Amino acid sequence: MDAILRVTDTLKSFRETRLSALRPPTEFFDFHRISRPADLNQAVSRISYNTRYFSGNYSLIIAVLAVYALLTSPLLIFAVLFLFGGFAAINKFAPDPLQVGDHVVTQKSLYTGLFVIGIPLLWIASPFMTFFWLVGASSVLILSHACIIEPGVESEYANIQEAV
């Protein structure tokens, strides 16, 4: 029950912080603002501004790519569910040692069996490849978008502080 509350609290805080910064699709895909940067300084300036300005949209892109990566790797989903489900089942159903014939099965031996099966299964599912694919794909998409979209007029006033 606590885990469900933590997940809902995390989702609420994510929605309040990142998704509140979502820009409308018409602004995010504004083809009139697409241009090639003149030099590296302008490209870095655009990337710096646009990554802050479109941070909610970029977070959504990363989330969609992560879901896609998981859905296209069913073995990875199975391995992660196997490990987390096994861990939860051992904590819930086997807190005390269990007598099976002449053997005593302890929580420690159950964890050992879970990890002996689960860790190689997770290794075969290649989570590192999935992670690095996610980093690479999202970096290419985000940096290319941030580089080719010209900042709006409001960017000229972003650095000006109000005089009191």
Side-chain angles (χ1 to χ4, degrees), residues 1-30 34 37 40 43-149:
M1 189 65 172
D2 288 334
I4 294 172
L5 291 175
R6 282 184 287 187
V7 168
T8 56
D9 289 343
T10 303
L11 288 175
K12 283 180 185 176
S13 68
F14 178 76
R15 183 179 49 194
E16 290 170 358
T17 57
R18 289 291 178 192
L19 295 183
S20 65
L22 273 177
R23 303 295 176 186
T26 55
E27 186 176 358
F28 188 71
F29 297 112
D30 188 3
I34 293 178
L40 185 61
V44 169
S45 173
R46 285 183 182 185
I47 289 171
S48 175
Y49 176 78
N50 285 335
T51 51
R52 280 182 271 118
Y53 188 73
F54 291 116
S55 65
N57 298 68
Y58 294 150
S59 298
L60 188 62
I61 287 173
I62 292 170
V64 168
L65 287 175
V67 168
Y68 172 77
L70 283 176
L71 290 178
T72 57
S73 180
L75 184 59
L76 182 59
I77 293 173
F78 177 74
V80 170
L81 288 177
F82 179 79
L83 284 169
F84 283 116
F87 185 76
I90 290 171
N91 277 340
K92 185 172 185 175
F93 298 117
D96 300 323
L98 180 66
Q99 183 74 29
V100 178
D102 294 338
H103 301 287
V104 175
V105 179
T106 63
Q107 205 175 32
K108 182 179 178 182
S109 63
L110 290 173
Y111 283 131
T112 303
L114 176 68
F115 291 133
V116 164
I117 295 169
I119 298 298
L121 184 64
L122 186 65
W123 184 262
I124 291 169
S126 65
F128 296 114
M129 182 189 75
T130 305
F131 173 75
F132 288 119
W133 176 86
L134 179 63
V135 169
S138 59
S139 296
V140 167
L141 285 173
I142 291 169
L143 291 176
S144 61
H145 179 270
C147 184
I148 65 170
I149 296 291

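Model, not experiment: these values are computed from the prediction. Residue indices begin at 1 and follow the sequence shown.
- Using a distance-only test at 3.5 Å, with no hydrogens or angles considered, no donor-acceptor pair links the side chain of Ser48 to the main chain of Val44.
- Atom CD1 of Ile34 sits about 11.5 Å away from atom SG of Cys147, to the nearest 0.5 Å.
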**Q.** Stepwise side chain to side chain contact (heavy atoms under 4.5 Å, CB included) check, Phe54 with Tyr49
**A.** CA-CA 9 Å; Phe54 291 116; Tyr49 176 78; over 6 Å; no
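- A donor-acceptor distance shorter than 3.5 angstrom exists from the side chain of Asn57 to the backbone of Arg23, with no hydrogens or angles considered.
- Sorted by first then second residue, the side-chain hydrogen bond (donor to acceptor under 3.5 Å, both in side chains) pairs that include residues 67-82, not counting sequence neighbours, number zero.
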Side-chain donor/acceptor pairs under 3.5 Å, residues 75-100, sequence neighbours excluded:
unit_1, atom_1, unit_2, atom_2, d
Asn91, OD1, Tyr111, OH, 2.4
Gln99, NE2, Gly101, O, 2.7

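- Side-chain contact check for Tyr53 versus Glu27: some heavy-atom pair is nearer than 4.5 Å.
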Q) Under the side chain to side chain contact (heavy atoms under 4.5 Å, CB included) criterion, do Thr106 and Leu110 qualify, and how do the steps go? A) CA-CA 6 Å; Thr106 63; Leu110 290 173; over 6 Å; no
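- With hydrogens and angles disregarded, no donor-acceptor distance shorter than 3.5 Å links the side chain of Ser109 to the backbone of Val105.
- Taking OG1 from Thr112 and CD1 from Ile117, the interatomic distance works out to 11.0 Å, rounded to the nearest 0.5 Å.
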For a quick test of your reading: what N or O donor-acceptor pairs under 3.5 Å do the side chains of residues 129-146 make, sequence neighbours left out?
unit_1, atom_1, unit_2, atom_2, d
Thr130, OG1, Ser126, O, 3.2
Ser138, OG, Leu134, O, 2.6
Ser138, OG, Val135, O, 3.3
Ser139, OG, Val135, O, 2.6
Ser144, OG, Val140, O, 2.7
Ser144, OG, Leu141, O, 3.1
His145, ND1, Tyr58, OH, 2.7
His145, NE2, Phe28, O, 2.9

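- Atoms CD1 and CZ, from Ile149 and Phe29 in turn, are 9.5 Å apart once rounded to the nearest 0.5 Å.
- Taking CG of Asn50 as the start and OG of Ser45 as the end, the distance is 9.0 Å to the nearest 0.5 Å.
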